[in-house]
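Inspection log for the structure reproduced underneath, given as structure tokens.
Along the sequence shown, residues are numbered consecutively beginning with 1.
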Amino acid sequence: MRTETVNDAVFFEKLRRSLGGEHIVIDHDGTHYPARIQYVTGTGVKVIPESMLDGSQGEPGDLNGVMESFAYVVELEKDGVLYRRER
């Protein structure tokens, strides 16, 4: 997998074009957690933390996600490329 470091404008545009199920990493004050996108809004994403998905046997849509601002997303895996925000 190729890795690209991109500025916020490019990164946020990639997020806006993301689909449900794509992998992202959220950072809250240095604490990172991986998640899967449920859906994307204009300024944020609704995600399901991967820890909630482990061992889940329910039907799709059974898990309630968490809304996160684009500002907290630090990585996005899309189309075989890992996008990282510039720091």
Side-chain angles (χ1 to χ4, degrees):
M1 179 180 308
R2 189 173 89 236
T3 301
E4 289 186 26
T5 301
V6 295
N7 64 34
D8 283 354
V10 171
F11 188 81
F12 295 157
E13 186 59 30
K14 298 278 185 202
L15 273 174
R16 284 185 188 95
R17 296 176 185 266
S18 294
L19 301 173
E22 291 182 317
H23 179 263
I24 62 174
V25 175
I26 307 290
D27 178 358
H28 279 286
D29 300 321
T31 301
H32 288 74
Y33 74 88
R36 296 289 173 165
I37 295 174
Q38 273 189 306
Y39 63 84
V40 181
T41 69
T43 59
V45 290
K46 188 165 187 183
V47 300
I48 299 175
E50 287 189 351
S51 61
M52 290 175 63
L53 293 172
D54 291 341
S56 173
Q57 301 297 320
E59 294 295 318
D62 281 354
L63 295 174
N64 288 323
V66 178
M67 265 323 268
E68 295 285 0
S69 168
F70 282 175
Y72 294 116
V73 181
V74 294
E75 291 183 0
L76 165 67
E77 190 176 312
K78 183 175 182 65
D79 301 326
V81 179
L82 177 63
Y83 295 98
R84 292 188 172 143
R85 284 177 60 197
E86 288 180 342
R87 296 272 168 158

At their closest point, which heavy atom of Arg16 faces which heavy atom of Val40, and how far apart are they? CA-CG1, 3.8 Å
Look up atom CD in Glu77 and atom OG1 in Thr3, then write down how far apart they are to the nearest 0.5 Å. 9.5 Å
Evaluate whether atom NZ of Lys14 has more than 12 neighbouring non-hydrogen atoms of other residues, nucleotides or ligands under 6.0 angstrom away. no
Might you point out which heavy atoms bring Asp27 and Asp29 nearest each other, and give the distance in Å? OD1-N, 3.5 Å
Any donor and acceptor pair, going by atom type alone, linking the side chain of Thr41 with main-chain N or O of Gly44 inside 3.5 Å? yes
Does some side-chain heavy atom of Lys46 sit less than 4.5 Å from a side-chain heavy atom of Glu68? no
Do Phe70 and Ile24 sit in the same hydrophobic cluster, where Ile, Leu, Val, Met, Phe, Trp and Tyr count as joined when their side-chain heavy atoms come under 4.5 Å apart? yes
Heavy-atom side-chain proximity of Leu76 to Ser18 below 4.5 angstrom: yes
Restricting to salt bridge (Lys or Arg N to Asp or Glu O under 4.0 Å), what partner residues turn up for Lys78, sequence neighbours left out? Glu22
Contact between Ile26 and Val74 at the side-chain level, heavy atoms closer than 4.5 Å - yes or no? no
Could you measure the distance from the OH atom of Tyr72 to the OG1 atom of Thr31? Nearest 0.5 Å is fine. 12.0 Å
Show every donor-acceptor pair shorter than 3.5 Å between a side-chain atom in residues 80-87 and any protein atom, with sequence neighbours excluded, or say none if there are none.
| from | atom 1 | to | atom 2 | distance (Å) |
| --- | --- | --- | --- | --- |
| Arg84 | NE | Glu75 | OE2 | 2.9 |
| Arg85 | NE | Asp8 | OD1 | 2.9 |
| Arg85 | NH1 | Ala71 | O | 2.8 |
| Arg85 | NH1 | Val73 | O | 3.0 |
| Arg85 | NH2 | Asp8 | OD1 | 3.3 |
| Arg85 | NH2 | Asp8 | OD2 | 3.4 |

Residue set satisfying ring pair (Phe, Tyr, Trp, His ring centres under 6.0 Å) with Tyr33, at least two apart, ordered chain then number -> none
For the hydrophobic clusters of this structure (ILVMFWY residues joined by side-chain heavy atoms under 4.5 Å, transitively), does one cluster hold both Tyr39 and Phe12? no
Show the nearest heavy-atom pair for residues Ala35 and Pro49, with the distance to one decimal. CB-CA, 3.9 Å
